[in-house]
Chemist: 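This is the structure, below, for whatever I ask next.
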Amino acid sequence: MSRTNFKEKVFAMVRRIPCGKVETYGGIAERIGHPGAARAVGNALHENTDGVRTPCHRVVSGQGRLAPMYVFGGTAEQKRRLIAEGVEVNGIRVDLKKYLWKDPSDE
DNA sequence: AAGTTGACGACGA
DNA sequence: CTCGTCGCCAACT
């Protein structure tokens, strides 16, 4: 019941991320009911070649680091998109303290 | 069915 | 702070 929907849940979560905010793989995994499945989350996003529809560039690692192997155009492209949305990207790192998306309804 | 891979996370050096 | 290893889960071969 969740196995097949796993990726679907991840995609839905990524789409829920508001502009100018970022979310971590582990955070998404935990929200969809699969804590610790951060790897599986990243794997699912890798399959998503529809970056236009799913803002996978808003998804970063737990330490605020961008994807080391971003499919579309590499970390540089992802960084570019984040900056374009108002996210301050330092090298390959973003300020999770300021840009990490938190849903007030979830808390 | 079993083994390996992969856009990760945490811990140790 | 950076690099290396083990452990996590789901998907692929």
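Numbers restart at 1 for each chain; the letters A, B, ... are given by sequence-line order, proteins then strands. Keep in mind that what you see is a predicted model, and the values were worked out from it rather than measured.
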Chemist: Donor-acceptor pair, A/T75 side chain versus A/A67 backbone, under 3.5 Å?
Modeler: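 Yes.
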Chemist: Of the non-hydrogen atoms in A/Y70 and A/C56, which two are nearest, and what is the gap between them?
Modeler: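 Heavy atoms only, the tightest pair is OH-SG, 3.4 Å.
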Chemist: If I take atom CG in residue A/N5 and atom P in nucleotide C/dC9, what distance separates them, rounded to the nearest angstrom?
Modeler: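 Rounded to whole Å, this separation is 19 Å.
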Chemist: Heavy-atom distance under 4.5 Å between the side chains of A/N90 and A/D95, does that happen here?
Modeler: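 A/N90 does not reach A/D95 side chain to side chain.
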Chemist: Quick check: do A/S61 and A/T24 have side-chain heavy atoms less than 4.5 Å from each other?
Modeler: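 Not touching, per the 4.5 Å side-chain cut-off.
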Chemist: Does any residue of residues 36-43 of chain A have a heavy atom under 4.0 Å from DNA chain B, and if so, which ones, in number order?
Modeler: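 Those residues are A/A38, A/R39, A/A40, A/G42, A/N43.
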Chemist: Quick one: do A/R31 and A/E23 make a salt bridge, cutoff under 4.0 Å?
Modeler: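 Salt bridge: yes.
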Chemist: Who passes side chain to side chain contact (heavy atoms under 4.5 Å, CB included) against A/A29, sequence neighbours left out?
Modeler: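 Listed in chain order: A/A37, A/V41.
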Chemist: Show the nearest heavy-atom pair for residues A/N48 and A/F72, with the distance to one decimal.
Modeler: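 A/N48 and A/F72 have their closest heavy atoms at O-CZ, 3.9 Å.
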Chemist: Considering residues at least two apart in sequence or located in another chain, which fulfil the salt bridge (Lys or Arg N to Asp or Glu O under 4.0 Å) criterion with A/E85?
Modeler: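 By the salt bridge (Lys or Arg N to Asp or Glu O under 4.0 Å) rule, A/E85 matches A/R58.
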Chemist: Of all the base pairs, Watson-Crick or G-U under 3.5 Å, which form stems of three or more consecutive pairs involving DNA chain B?
Modeler: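 Detected stem regions: B:2-6 with C:9-13, B:8-13 with C:2-7.
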Chemist: Please give me the minimum heavy-atom distance between A/L96 and A/Q63, naming the atom from each residue.
Modeler: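 Closest pair (atom of A/L96, atom of A/Q63, distance): CD1-C, 3.6 Å.
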Chemist: Mind checking whether A/V22 and A/I17 have side chains closer than 4.5 Å, heavy atoms only?
Modeler: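 A/V22 vs A/I17: side chains apart.
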Chemist: Side chains of A/V60 and A/R65, heavy atoms from C-beta outward: is any pair under 4.5 Å?
Modeler: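 They are not in side-chain contact.
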Chemist: What's the CD-C1' distance between A/E47 and C/dC12, to the nearest Å?
Modeler: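 One finds 10 Å between C1' of C/dC12 and CD of A/E47, rounded.
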Chemist: Nearest heavy-atom pair of A/K21 and A/W101: which atoms, and what distance?
Modeler: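 Result for this residue pair: CB-CB, 3.8 Å.
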Chemist: Walk along DNA chain B from 5' to 3' and tell me the first and last nucleotide with an atom closer than 4.0 Å to a non-hydrogen atom of chain A.
Modeler: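 First and last nucleotides in contact are B/dG6 to B/dG9.
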Chemist: May I ask you to test the A/K79-A/I92 pair for a side-chain heavy-atom distance under 4.5 Å?
Modeler: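 With C-beta onward as the side chain, the pair stays apart.
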Chemist: Below 3.5 Å is the cut-off: list the nitrogen or oxygen pairs between protein and nucleotides 2-6 of chain C, distance only.
Modeler:
{"unit_1": "C/dT2", "atom_1": "OP2", "unit_2": "A/R93", "atom_2": "NH2", "d": "2.9"}

